[in-house]
Amino acid sequence: MTMENAARSANDHLLTADVIVVGGGGSGLAAAIAAAENKARVVLLEKNTHLGGTTRLSIGSITATRTALQKKAGIQDSPDEHFEDMAKFAGELAPKDNLALRRVLVDNVPDTVAWLESLGVSFFGPMPEPPHRKPRMHNILPNSRAYIYYLVRRARQLGVDIRLGAEVADILIEKERAAGVKAMIDGRSTLVRSGAIVLASGDFSAGRELKREGRPELAEVDAINSSNTGDGHLMARRIGGVVRNAEIMYAQLRFVAPPSTSLVLRLPPWKALTTLMKAGMRWAPPAVLRPFILSFVTTYLAPEPSLFREGAILVNKRGERFTDELRQPALDVPGQPDKAAYILLDRRLSTLFSAWPNFISTAPGVAYAYLPDYRRNRRDIYHEGNTLGELAKSIGVPAAALEATVRTYNGAGRTGRSRPPLEEGPFVALGPVRNWVVLTDGGVAVTTEHEVTREDGRVIPGLFAAGSTGQGGLLLEGHGHHLGWAFTSGRRAGRNAARLARGLPA
């Protein structure tokens, strides 16, 4: 939309700023802070009624080298080694990676961790995560909401104008330059003029249009963050931007959320508390520490595929087995009643998944969760019966159908007859589980200075993108890379946007 056409719209309210940031998650808040620290007048527009985006829903780890925690642990590491190790995660997707942006990440994420710590964020670690050759994963205390707490506090200290419930519809173009946005703010159609814009509106995991283009089979699969509808991607495309790696998406079976917020997520990110927690991580006996940690692990994470390799099956709310669990069962769950399923185990499997090395879920570098942990911490999704009939009653499915399903599986239904049958009770059902698109790696094409570009590589002046919106073809497999990129690219994009808006060299 051109600024000239927008200006002719009747009854539009008008705001001005040096820099507009679209999105109030981790990357958007980092961008707003960096722009304000570079003397820009900043308005941040967030369509939800709260800040945080996907960052506040994350596990909270950042992978980096040459940090204070690495040095304290005596770990000699470098961005070059980090750069090389990231390639090991990419596998067959490696040719699609944006190596220039990978270089930006590994070179700048050490400073990002130090910056977050300067704001008050506390980490423990670093923890190992092969194929990283050295421990690099820094886990946040007490939870990922601490990022938002400290980022919002800093943004308000700097005078960032934060507008919630502000839905941006279009980028305004004036003389081929991004010169503002059109949005609904406080129920009013509003034009916001600016010297530069940073798109930081998250990924498109809930965006049916972009999912249908990249992976049609995932178009109707729900997202962990239902607000990530790809707004920034679509706005950038409408004015000539292009999305790289739109087909790379990650869908995963996960247990439904507990009915109440866990203790770990209710803890405030106070420095005294995180210092005590960090000491506890190091010195507390495992018997004391483990229940606390597992209340977190069993809240957020996914069932391991090894369950199905060992013989567990998925049944729907009609008591029917509906998929081959050894292929891509997650893709078949959305077509079931309530888009949900249960994981069925017998006595043998219950015993097997009660101790190392057979765990139900894991938070890398934090803890492993076994079946007894789910029995203690997630009574809402743990169901048990001495017989299949008793179990069917517990999960609300027809007993006759469940019994027939197991008989069929034990007979001719096992894939290649290679998996053990489900024979002896008591039987356990874990669930409901649902399939979610956890994240998408497709991002708007950007330069190494986070400027949005057209298909031919020409920059769209005044427009920057950060976080998942500005991922630009960068592959971020492995824990801790998405958050590292969110904060790193956000800070850099915000700084560059402020300097452009103020007429300064980048």
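Predicted model, so just to flag it, every value in this text is computed and none were measured.
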Query raised in the report: Is the side chain of Asp456 donor-acceptor paired with the backbone N or O of Arg458 at a distance under 3.5 Å, no angle test?
Result: yes

Query raised in the report: Take atom CD in Glu217; do more than 12 heavy atoms of anything else shown fall under 6.0 Å from it?
Result: yes

Query - Minimum-distance pair of heavy atoms, taken over all atoms of Val109 and Ala64 - result: CG1-CB, 3.7 Å

Report task. Start with the C-alpha distance between Ser201 and Asp231, add both sets of side-chain angles, then the distance that settles side chain to side chain donor-acceptor pair (under 3.5 Å), and finish with yes or no. Result -> CA-CA 7 Å; Ser201 52; Asp231 302 340; 5.7 Å; no

Query raised in the report: Can you tell me how far CD of Glu247 sits from CG of Asp441, rounded to the nearest 0.5 angstrom?
Result: 10.0 Å

Query - Asp203-Thr54 side chain donor-acceptor pair, cut-off 3.5 Å - result: no

Query raised in the report: Going from CD on Glu167 to OG1 on Thr229, what distance comes out if it is rounded to the nearest 0.5 angstrom?
Result: 7.5 Å

Report task. For Lys96 and Gly473, indicate whether the former's side chain and the latter's backbone hold a donor-acceptor pair under 3.5 Å. Result -> no

Query raised in the report: Nearest 0.5 Å, what's the CD-CG distance between Gln471 and Asn245?
Result: 8.0 Å

Query raised in the report: Without hydrogens or angle criteria, can the side chains of Thr63 and His132 be said to hold a donor-acceptor pair below 3.5 Å?
Result: no

Query raised in the report: At their closest point, which heavy atom of Val21 faces which heavy atom of Gly28, and how far apart are they?
Result: CG1-O, 3.4 Å

Query raised in the report: NE2/His482 to OH/Tyr250 distance, rounded to the nearest 0.5 angstrom?
Result: 7.0 Å

Query raised in the report: Can you check whether Ala100's main-chain N or O pairs, donor with acceptor, with Asn98's side chain at less than 3.5 Å?
Result: yes

Query - Presence of salt bridge, Glu220 and Lys339, under 4.0 angstrom - result: no

Query raised in the report: Is Glu209 salt-bridged to Arg237, cutoff N-O under 4.0 Å?
Result: yes

Query raised in the report: Taking the six-membered ring for Trp, are Trp485 and His450 parallel (under 30°), tilted (30 to 60°) or perpendicular (over 60°)?
Result: tilted

Query raised in the report: Going by the angle between their ring planes, with limits at 30° and 60°, are His233 and Phe204 parallel, tilted or perpendicular?
Result: perpendicular

Query raised in the report: Under 6.0 Å from the CD atom of Gln76, do we count more than 12 heavy atoms belonging to anything else shown?
Result: no

Requested in this report: Give a yes or no on whether Arg133 atom CZ has more than 12 heavy-atom contacts from other residues, nucleotides or ligands under 6.0 Å away.
Outcome: yes

Report task. Give a yes or no on whether Lys88 atom NZ has more than 12 heavy-atom contacts from other residues, nucleotides or ligands under 6.0 Å away. Result -> yes

Query - Rounded distance (nearest 0.5 Å) linking atom CD1 of Ile62 with atom CZ of Phe123 - result: 4.0 Å

Report task. Give, for atom CG of Asn38 and atom CZ of Arg491, the distance between the pair rounded to the nearest 0.5 Å. Result -> 10.0 Å

Query raised in the report: Just checking, any donor-acceptor pair under 3.5 angstrom between side chains of Glu81 and Ser78?
Result: yes

Query raised in the report: Thr190 side chain to His13 main-chain N or O, any donor-acceptor pair under 3.5 Å?
Result: no

